[in-house]
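Ligands are counted one by one from 1 in listed order, and the atoms in each one are counted from 1 as well. Everything numeric here is computed off the predicted structure, so don't read it as measured data.
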Amino acid sequence: MAEAKKLTGAGLRGQSAGTTALCTVGQSGSGLTYRGYDIHELAEKSTFEEVAYLLLKGKLPNQAELDAYIAKLKTLRALPDALKVVLEQIPKDAHPMDVMRTGCSMLGNLETEESFDEQQDATDRLLALFPSIICYWYRFTHDGVRIDTVTDDNSVGGHFLHLLRDEKPSELHARVMNVSLILYAEHEFNASTFTARVCASTLSDLHSCITGAIGSLRGPLHGGANEAAMDMIEDWKSPDEAEAEVMGMLARKDKIMGFGHAVYSTSDPRNGIIKQWSEKLSKDVGDTVLFPVSERVEAVMWREKKLFCNADFFHASAYHFMGIPTKLFTPIFVCSRLTGWAAHVFEQRANNRIIRPSADYNGPEPRPVTPIEERD
Ligand SMILES: CC(=O)SCCNC(=O)CCNC(=O)[C@H](O)C(C)(C)COP(=O)(O)OP(=O)(O)OC[C@H]1O[C@@H](n2cnc3c(N)ncnc32)[C@H](O)[C@@H]1OP(=O)(O)O
Ligand SMILES: O=C([O-])CC(=O)C(=O)O
């Protein structure tokens, strides 16, 4: 069994900040479970919609419950006109995570959560609408078209690809999106989820909690690492070139995006799963460069630093092989992690006390205010 990482030091590392029934991360050094179900089994045997149901409603759905849930989500995919108007104002060169943040916030104005009784419906609406928000903006600003965001795809992942490309995705691509959304759905008290819980603890509305969480996920030390990893590896023409570049970056003490983890010590269980799918996609597109480059970076990082790929690293090549523009990588993470965020908001609300830690003061000793004319 892997030894758990020694969790101490800054960044609240290793300190319990509450309880959750949703997820365990690295309990035996490397494991990941959602409500007791192992991530490997979920990724192999279930769909993202089943996982969303599990996280949000507490149990895996039976067939009738799943059918009803999918049918409900499919009715919620049309964008309000006022939201389309806002999306059309956002410039082409905006970061798509900013589009997600604004889209979520604007929806909070148009369809405000008036009471916590509405939390499930408000979440379902966001789950159905996030792919519509990002693809509507992307296609309007990049292709000059106003797309109809209602499709008959049963899955969130298939729906996203359909909107992006104007055609139903292949079975392989729909399957990879499904697995990817399952892997990204939930991860205990990570930075963005903690953001959502802090916001929820003030008894704020769901859209505020999710908008804040999107802002936290955006950073390259968190969800933004899948995009940053792709930016890093895309120019490397061979594994040897990749090795030389990585060695140079390590010598300069640069961070290698997609590696390391705040909790896991020897591996991230999601990596092996997405790596397999990335390899399949690599063969599907006849790639001879990007996957071998990625594998070499993985080997060098382990050899030099005992650092391992986190969930983000092989997501970069997997999404790239499916033709997804790099800047849309982290918004896909949002489409998935919404389920974990919302489930944590529900959990926080059900047993709430405002989250308000203390700080160790290291500023000046008490002192008088100098009159303004006497200050330097
Ligand atoms: C879905 C997700 O959000 S997964 C995380 C995605 N983020 C990334 O991939 C960004 C790159 N990774 C990192 O910045 C970090 O590993 C984090 C933010 C994920 C975790 O941070 P921490 O818990 O502080 O890392 P940790 O304590 O394991 O760091 C130990 C040492 O390894 C170094 N290190 C950690 N990750 C990396 C990396 N990716 N590249 C180079 N060095 C690294 C740290 O700088 C530190 O060195 P030091 O002891 O000389 O200061
Ligand atoms: O747990 C973390 O710190 C980051 C992470 O892997 C995630 O949110 O999926």
Side-chain angles (χ1 to χ4, degrees), residues 2-15 17 20 22-27 29-34 39 42-43 51 55 97 180-197 213-233 245-274 294 297-298 300-316 318-319 329-341 343-344:
E3 199 191 319
K5 180 171 170 174
K6 300 224 177 344
L7 298 171
T8 53
L12 295 178
R13 195 71 78 258
Q15 296 177 39
T20 183
L22 288 163
C23 179
T24 63
V25 171
Q27 265 201 345
S30 63
L32 172 59
T33 64
Y34 297 169
I39 192 66
L42 289 171
V51 168
L55 292 170
M97 284 297 279
S180 165
L181 295 175
I182 291 173
L183 297 181
Y184 272 148
E186 162 55 10
H187 220 241
E188 201 222 32
F189 277 27
N190 60 83
S192 56
T193 301
F194 196 58
T195 303
R197 281 194 85 126
I214 293 170
S216 289
L217 189 73
R218 185 191 195 289
L221 296 190
H222 191 11
N226 56 13
E227 175 182 337
M230 189 66 223
D231 289 340
M232 180 181 74
I233 58 182
E245 292 289 338
V246 169
M247 292 300 284
M249 290 174 78
L250 290 177
R252 293 190 297 275
K253 300 219 173 303
D254 291 348
K255 278 267 162 81
I256 313 293
M257 293 304 167
F259 284 84
H261 200 270
V263 179
Y264 296 124
S265 49
T266 52
S267 64
D268 181 329
R270 299 166 294 184
N271 177 52
I273 302 170
I274 195 62
S294 303
V297 177
E298 182 180 32
V300 171
M301 286 299 285
W302 185 254
R303 184 187 76 209
E304 297 296 320
K305 289 276 178 192
K306 292 289 172 280
L307 283 169
F308 51 88
C309 301
N310 57 46
D312 282 327
F313 189 67
F314 277 95
H315 259 106
Y319 287 167
F329 289 5
T330 318
I332 300 175
F333 198 156
V334 173
C335 295
S336 162
R337 184 57 60 86
L338 164 68
T339 56
W341 291 333
H344 277 274

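Taking 4.5 Å as the limit, every side-chain heavy atom of R13 sits out of range of all side-chain heavy atoms of V263. In this structure the side chain of T339 never reaches within 4.5 angstrom of the side chain of E186, judged on heavy atoms. Annotation: side chain of R218 is not in contact with side chain of T330 (no heavy-atom distance under 4.5 Å). By the 4.5 Å heavy-atom criterion applied to side chains, H344 and T20 are counted as neighbours. With a 4.5 Å cut-off on side-chain heavy atoms, L32 and C23 count as touching.
Polar contact with ligand 1: present for L221 (N/O pair, distance under 3.5 Å). Considering backbone and side-chain atoms alike, A311 places every N or O at 3.5 Å or more from each N or O of ligand 1. The shortest N/O to N/O separation between H222 and ligand 1 falls below 3.5 Å. At under 3.5 Å, a nitrogen or oxygen of N310, whether backbone or side chain, sits near a nitrogen or oxygen of ligand 1. Here's the thing with M301: none of its N/O atoms is less than 3.5 angstrom from an N/O atom of ligand 1. The N/O atoms of I256, backbone and side chain alike, include one that comes under 3.5 Å of an N/O atom in ligand 1.
The protein atom (non-hydrogen) at minimum distance from atom 24 (O) of ligand 1 is R13 NH2, 3.4 Å. Annotation: atom 4 (C) of ligand 2 to nearest protein heavy atom, H261 NE2, 3.5 Å. The protein atom (non-hydrogen) at minimum distance from atom 3 (O) of ligand 2 is N190 CB, 3.7 Å. Closest to atom 15 (C) of ligand 1, if we only count protein heavy atoms, is F259 O, 4.3 Å. Nearest non-hydrogen protein atom to atom 14 (O) of ligand 1 is K255 CD, 3.1 Å. Looking only at protein heavy atoms, the nearest one to atom 1 (O) of ligand 2 is H187 ND1, 2.7 Å. Among protein heavy atoms, atom 29 (O) of ligand 1 sits closest to K5 NZ, 5.0 Å.
Counting heavy atoms under 4.0 Å from ligand 1, residue D254 touches it through the backbone alone. Contact annotation: for L307 versus ligand 1, heavy atoms closer than 4.0 Å belong to the side chain alone. At a heavy-atom cutoff of 4.0 Å, ligand 2 is contacted by the side chain of R270 but not by its backbone.
Counting protein heavy atoms under 4.0 angstrom from atom 31 (C) of ligand 1 gives zero. Closer than 4.0 Å to atom 47 (O) of ligand 1 lies none of the heavy atoms of the protein. For atom 2 (C) of ligand 1, a protein non-hydrogen atom is found at a distance below 4.0 Å. Distance screen at 4.0 Å: atom 9 (O) of ligand 1 has a protein heavy-atom neighbour inside the cut-off. Put simply, atom 39 (N) of ligand 1 has protein non-hydrogen atoms near it, under 4.0 Å away.
The CG atom of D312 sits 11.0 Å away from the CG atom of L183 when rounded to the nearest 0.5 Å. Atom CG in L55 sits 13.5 Å away from atom CH2 in W341 (nearest 0.5 Å).
Against a heavy-atom cut-off of under 4.0 Å, F333 is close to the following atoms of ligand 1: 1 (C). The atoms of ligand 1 that sit less than 4.0 Å from any heavy atom of A225 are 6 (C), 7 (N), 8 (C), 9 (O). Taking every heavy atom of G258 and a limit of under 4.0 angstrom, the matching atoms of ligand 1 come to 8 (C), 9 (O). The D312 neighbourhood of ligand 1 comprises atoms 1 (C), 2 (C), 6 (C), with distances under 4.0 Å to a heavy atom of that residue. Taking every heavy atom of M257 and a limit of under 4.0 angstrom, the matching atoms of ligand 1 come to 9 (O), 10 (C), 11 (C).
Using a 3.5 Å distance cut-off with no hydrogens or angles, the side chains of S216 and S192 do not pair a donor with an acceptor. Between Y319 and S180, the side chains place a donor N or O and an acceptor N or O closer than 3.5 Å (distance only, hydrogens not considered).
Ring centroids of Y34 and H187 are separated by 6.0 Å or more, keeping the two rings apart. Aromatic ring centroids of H315 and Y184 lie under 6.0 Å apart.
Within the 3.5 Å criterion, the main-chain N or O of H261 finds no donor-acceptor partner in the side chain of N310. N190 places a side-chain N or O within donor-acceptor distance of the main-chain N or O of E188, the cut-off being under 3.5 Å. Judged by distance alone, the side chain of R270 and the main-chain N or O of D268 form no donor-acceptor pair under 3.5 Å.
Between F189 and F194, the ring planes are tilted. Angles from 30° to 60° get that label.
With respect to F313, the side chain to side chain contact (heavy atoms under 4.5 Å, CB included) criterion is satisfied by exactly one of M257, M232, M230, M301: M232.
Using a 4.0 Å cutoff on heavy atoms, R337 counts as a contact of ligand 2. The shortest separation from a heavy atom of P220 to ligand 1 is under 4.0 Å, placing the residue in contact.
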